[in-house]
Each structure stands twice: as structure tokens, then as C-alpha cells.
Amino acid sequence: MKSLTKPLLLTAVLTLAFLSLHLGWWGPVTEEVLLQQLFQQHWTVAWPVFVLGSVIYTALGGPRQVLAFSCGFLFGGWQGGLIGTLLTGVGAMLTMLAVHQLGFDWVRQKHAQKIELIKAVLAEDTWIWICVIRLIPVGSNLVTNIAAALSDLRPVAVFFGSLLGYLPQMLLFAYAGSGIALHDSSQLWMSLVMLVISTGLGLYLYHHGFKQRLQRFRKEHAHAPAH
């Protein structure tokens, strides 16, 4: 439990800071205005602060959609989408590194069968199946990162699969953020197009490959002799 104290405390502090801005406790300053002023007035300091904060934020399970929206607001549609995607991918690697360092042996023992199933299903063509999982806009990004680490999936494959899977949805929210910043309805329409494309592609790949593989491994596992 002691190993979780610092991450939980940091999460609580970041959450409180975000809520204080969002609820207007500091006056008429929103998180978007604060970010914009930070980059306009303190450019050399803003980049490392933003990058470090974004990586930690996503590593701790913060919604990547919020990061994508902020990146789109600051840098524009496609630039914001690319930057947000890269930062979220690095955050996923940070989570996997933390899990490897902390061990979580009790989790491995408690969920040994599920971990073995994940490892069996995703061990081959890891980057493709991770991409499919990221494309479907359901589930927890943090849980997926932890499961990938516990299953000893190759970090490089997880990283590149995640980047490809994150990109459509990150572009979606980045274009939404850019549209609000520029008051441009075309940017908002672009975000809706990205949503349809990413969801459709994810569901297609899920039903034409991933679902069959998962069912096959579950069937084999069900008929496997008990040890």
C-alpha cells in the first residue's frame, strides 16, 4: 500500500488543481486560458511543464480526450492530435515501466488465468491487436496499460500499436478543441468524421480477427485439462 501512496497523492493534487480551475475558484481563468497564457508568455518553460504534466496525467489514467482537446486548442487540429497521441503513448510506457518496477505479484497471482489468456491472445501480432483495442472507444486506457505490463507484452509493440490506435480519437478531440479556439464549425465537423471513421474501423477489426482469436483461445482454455 505504501507504494501507492505517492501516485494517489499526486493524482489527488492534480485533480484538485483541475477542479479549482474548472469551477472558477481562481476567478475568470479557465484551464484553456491558463494554458494559452503559459505558452504565450513563458514559451521556454511551458513546453517541458506541459509535456511532463501530460505524460504523468495520462500515465495515472487521466482521460486522453482532455489532453487531445487541450492540444487542439493550443496547436491546431492535426498538430494537436499528433502531439497528444505521442504524449499519451509515452504515458502508457511510463505506466508499464511503473508496473514492472513495482511488481504487483499479488495481482499476478490473483488474476493468473486472465493474464495468461491476455498473453496467449496478444503475444502474436501484438501491435495490431493493441491498435484494435485502442481504436474502440470503450474501456480504460489505464487498465489496458497495466494488463499489457502484467502480461509481459513487448513494450515496443504496445507503443507503436497504441500510437496507431490512439490517433483517430485524438484527432477527433484535437479538431474539436481547435474548432472552439478558432470558432470554426468545419473543425468540429472534421472531429465528427474522425469519430465515425475510428469507431467503424475499430469495430470492423474487432469482428474480423480479434473476436475470433479471443473465442478460439477461450474455447481451448475451457477444454484444457486441469493441472
Side-chain angles (χ1 to χ4, degrees), residues 3-26 29-36 38-39 45-75 77 79-102 104 107 130-131 133-150 155 158-159 161-178 180-181 191 194-195 198 202:
S3 62
L4 296 176
T5 302
K6 290 183 179 179
L8 289 175
L9 181 60
L10 180 58
T11 302
V13 171
L14 291 174
T15 302
L16 181 61
F18 176 81
L19 286 175
S20 68
L21 285 169
H22 193 70
L23 296 176
W25 295 355
W26 300 94
V29 180
T30 64
E31 53 270 27
E32 290 87 359
V33 172
L34 184 64
L35 279 173
Q36 201 169 45
L38 179 65
F39 274 84
V45 177
W47 265 110
V49 170
F50 183 76
V51 168
L52 181 61
S54 298
V55 169
I56 294 175
Y57 170 77
T58 55
L60 292 174
R64 63 181 184 270
Q65 296 87 348
V66 175
L67 174 59
F69 187 90
S70 299
C71 288
F73 187 88
L74 289 169
F75 311 115
Q79 301 98 321
L82 291 177
I83 293 171
T85 298
L86 181 59
L87 293 176
T88 306
V90 175
M93 293 300 97
L94 180 59
T95 301
M96 292 185 67
L97 177 62
V99 171
H100 283 303
Q101 292 296 319
L102 294 173
F104 285 102
V107 179
I130 289 293
C131 178
I133 293 171
R134 304 297 198 191
L135 277 170
I136 302 173
V138 295
S140 168
N141 186 48
L142 179 62
V143 171
T144 301
N145 295 336
I146 293 174
L150 292 175
V158 175
F159 179 69
S162 295
L163 292 185
L164 290 174
Y166 285 146
L167 187 57
Q169 194 176 119
M170 297 300 281
L171 285 171
L172 154 69
F173 285 93
Y175 272 107
S178 177
I180 290 177
S191 71
M194 290 293 175
L195 174 62
S198 63

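All values below come from the heavy atoms of this structure, side chains included, with hydrogens, waters and symmetry mates left out.
Val158 and Ala148 make their closest contact through CG2-CB, 4.3 Å (heavy atoms, listed as atom of the first residue, atom of the second, distance). Considering every non-hydrogen atom in both Leu171 and Gly77, the closest pair reads CD2-O, 4.1 Å. Closest non-hydrogen pair, Leu87 versus Leu67, comes out as CB-CD2, 4.1 Å. The minimum heavy-atom distance between Gly81 and Ala174, with the atom names listed, is N-CB, 3.4 Å. Taking both residues in full, the closest heavy atoms of Cys71 and Ile83 are given as SG-CG2, 4.2 Å, listed atom of the first, atom of the second, then distance. Nearest heavy atoms, Pro168 versus Leu135: CG-CD2, 3.6 Å.
In this view, Ile146 and Thr95, Val99, Leu142, Leu150 satisfy the side-chain contact (heavy atoms from CB on, under 4.5 Å) rule, not counting sequence neighbours. Thr85 is linked by a side-chain contact (heavy atoms from CB on, under 4.5 Å) to Leu163, Tyr166, Leu167, Met170, counting only residues two or more places apart in sequence or in another chain. Listed by chain and number, the residues in a side chain to side chain donor-acceptor pair (under 3.5 Å) with Ser162 are Arg134 (sequence neighbours excluded).
Taken from CG in Asn145 to CD1 in Ile130, the straight-line distance is 8.5 Å, to the nearest 0.5 Å. Atoms CZ and CZ, on Phe173 and Arg64 in that order, are 9.0 Å from each other to the nearest 0.5 Å.
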Listed pairs under 3.5 Å, donor-acceptor, residues 45-55 side chains, sequence neighbours left out:
from	atom 1	to	atom 2	distance (Å)
Ser54	OG	Phe50	O	2.7

